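Have a look at the structure below before the remarks.
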Amino acid sequence: MRSVEWQENALSLIDQRELPWQLTRISLTTYEETAAAITNMAVRGAPAIGAAAAFGMVLAANQFDTTDITTLRQQLTDAGSHLKQSRPTAVNLMWAVDRMLKLVDDPAFDDADSLRKMLLVEAQHIADEDVVTNKTMGKHGAALIRDGDTILHHCNTGALATVDYGTALGVIRTAHEQGTQFHVLLDETRPRLQGARLSAWELMQLGASFDIIPDTAAGHYMSRGEITLVLFGADRIAANGDVANKIGSYQIAVLARENGIPCYSVAPTSTVDLSLATGAEIPIEERDPDEVRAPFGNPIVPDDYPARNPAFDVTPHRYLSGIITEKGIVLPPFDENLSRAILGKEPDA
Ligand code: MRU
């Protein structure tokens with residue numbers, strides 16, 4: 001079962017807000033509903049929101065019933081802008097919408113219905129490619145995992161955060177399927193608890209060995225020699241290899257360096273934004289402080305206490321041992337090796 005898929009002329013999503021208590025799907029029929037599902041995190045995780053937005057563009061094409069191709073192109077461009085604004089940090093969202101808009105602007109399509117059909121084909125490609133990419137990253141990354149390892153993992157990067165299979169959790173899944181014997185420590189990942197609620201649910205399904213730990217316990221276990229490898233995903237990677245990922249990733253990368261533990265980000269090349277020189281340019285989403293004051297609607301402090309809620313942080317590239325992509329494990333120097341992996345050539349001077 002895919003987290004994001006096209007079913008009966010609608011976008012079907014696993015509603016991640018209901019897990020681990022209930023596995024339910026929601027069916028969306030408009031691009032506005034799709035943008036809202038991304039904003040309110042019914043669907044979340046960089047590749048998953050990219051694929052959802054691609055299908056959102058298909059919904060938009062079906063909502064606009066004009067037969068005039070020029071009018072349809074303009075309406076779809078506006079719908080694309082709306083979808084791109086649904087979350088700011090994960091570049092897979094912009095990447096997927098731009099890929100759909102390239103088709104919208106392609107002069108080869110001169111009638112509205114052929115464009116509509118091709119948009120569905122393209123969205124399906126984006127979804128299918130994501131699964132193949134994740135399995136390929138899984139194979140590259142699993143080579144780093146050895147019998148006896150204990151892996152620290154942050155947030156959720158599994159099948160739920162992608163179309164299927166996952167990025168960092170996909171690496172863990174591949175190693176588990178290969179029969180490697182290891183244990184996983186899952187950061188609970190405050191304040192939305194993606195690690196405790198979603199990664200744990202996924203590892204339960206797989207039968208992999210894990211414990212949920214408070215985010216604040218990572219340094220403790222590292223200092224006692226109990227963690228041998230750190231894996232997390234990415235929402236946007238700048239050209240120099242700085243990685244924006246779920247809030248808390250930066251501190252575990254620094255702690256890993258302090259304790260001599262290898263630390264890898266796992267991400268498809270669609271997460272790399274070569275237009276940004278460094279991580280300082282990556283927009284960081286600030287979410288509603290009520291997610292901190294009253295997680296899942298349960299107040300833990302009075303509602304007038306001031307709070308801040310950055311959803312992501314940037315790990316400077318110097319803390320990363322490598323970036324695991326579908327093109328292989330990219331090693332430092334990232335400014336040269338990332339663009340070589342993606343473009344097949346050196347960066348422009
Ligand atoms: O705010 P979220 O839950 O969308 O954040 C997701 C993450 O940070 C993941 O770790 C990430 O998208 C990278 S791998 C799929």
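All residue numbers refer to positions in the sequence shown, counting from 1. Only a predicted model underlies this, so the values are computations on that prediction, with no experimental measurement involved. Just so you know, ligand 1 is whichever comes first in the structure, and atom 1 is the first atom listed for that ligand.
If you look at Ala46 next to ligand 1, the close heavy atoms, those under 4.0 Å, come from the backbone and the side chain alike. The part of Asn156 lying near ligand 1 is the backbone, judged by heavy-atom distances below 4.0 Å. Residue contacts with ligand 1 for Gln194 involve side-chain atoms from C-beta outward but no N, CA, C or O (heavy atoms, distance under 4.0 Å). Of the heavy atoms in Phe312, only side-chain atoms (C-beta onward) come closer than 4.0 Å to ligand 1.
Numbered from 1 in the order shown, with element, the atoms of ligand 1 that lie under 4.0 Å from a heavy atom of Ala161 read 15 (C). For ligand 1 and Cys155, the ligand atoms under 4.0 Å from any heavy atom of the residue are 6 (C), 7 (C), 8 (O), 9 (C), 10 (O). In summary, the atoms of ligand 1 found under 4.0 Å from a heavy atom of Met41, numbered by their order in the structure, are 1 (O), 2 (P), 3 (O). When each atom of ligand 1 is checked for a heavy atom of Pro47 under 4.0 Å away, the hits are 15 (C).
A salt bridge links Asp98 and Lys84; the closest N-O separation between the charged side-chain nitrogens and carboxylate oxygens is under 4.0 Å. Salt bridge annotation for Arg293-Asp290: present, with a cationic side-chain nitrogen under 4.0 angstrom from a carboxylate oxygen. Looking at Arg25 and Glu5, a side-chain N of the basic residue comes within less than 4.0 Å of a carboxylate O on the acidic one, giving a salt bridge. The pair Arg2-Asp164 fails the salt-bridge criterion, with no side-chain N (NZ, NE, NH1 or NH2) lying under 4.0 Å from an Asp/Glu carboxylate O.
Closest to atom 14 (S) of ligand 1 among all protein heavy atoms lies Thr167 OG1, 3.2 Å. Protein heavy atom nearest atom 10 (O) of ligand 1, with residue, atom name and distance: Asn245 OD1, 3.2 Å. The shortest contact between atom 3 (O) of ligand 1 and any protein heavy atom is with Arg44 NE, 2.5 Å. Remark: minimum distance from atom 11 (C) of ligand 1 to any protein heavy atom is reached at Asp235 OD1, 3.2 Å. What sits closest to atom 5 (O) of ligand 1 on the protein, heavy atoms only, is Lys246 CE, 3.3 Å.
Nearest to atom 13 (C) of ligand 1 by heavy atom, out of Ala234, Ser249, Gly166, Ala168, is Ala234. Among Arg192, Arg87, Glu285, the residue whose heavy atom sits closest to atom 2 (P) of ligand 1 is Arg87.
By the 4.5 Å heavy-atom criterion applied to side chains, Ile145 and Leu229 are counted as neighbours. Here the side chains of Phe232 and Ile252 are in contact, with some heavy-atom distance below 4.5 Å.
How far OG of Ser321 is from CG of Leu231: 10.0 Å, rounded to the nearest 0.5 Å.
For Gly45, the closest heavy-atom approach to ligand 1 falls below 4.0 Å.
Sparse packing is recorded around OH of Tyr221, with 12 or fewer heavy atoms of other residues, nucleotides or ligands lying under 6.0 Å away.
When hydrophobic clusters are built by joining Ile, Leu, Val, Met, Phe, Trp and Tyr residues whose side-chain heavy atoms come closer than 4.5 Å, directly or via intermediates, Tyr165 is not grouped with Ile324.
Relative ring orientation between Tyr31 and Phe64 is described as tilted, the plane-to-plane angle lying within the 30° to 60° band.
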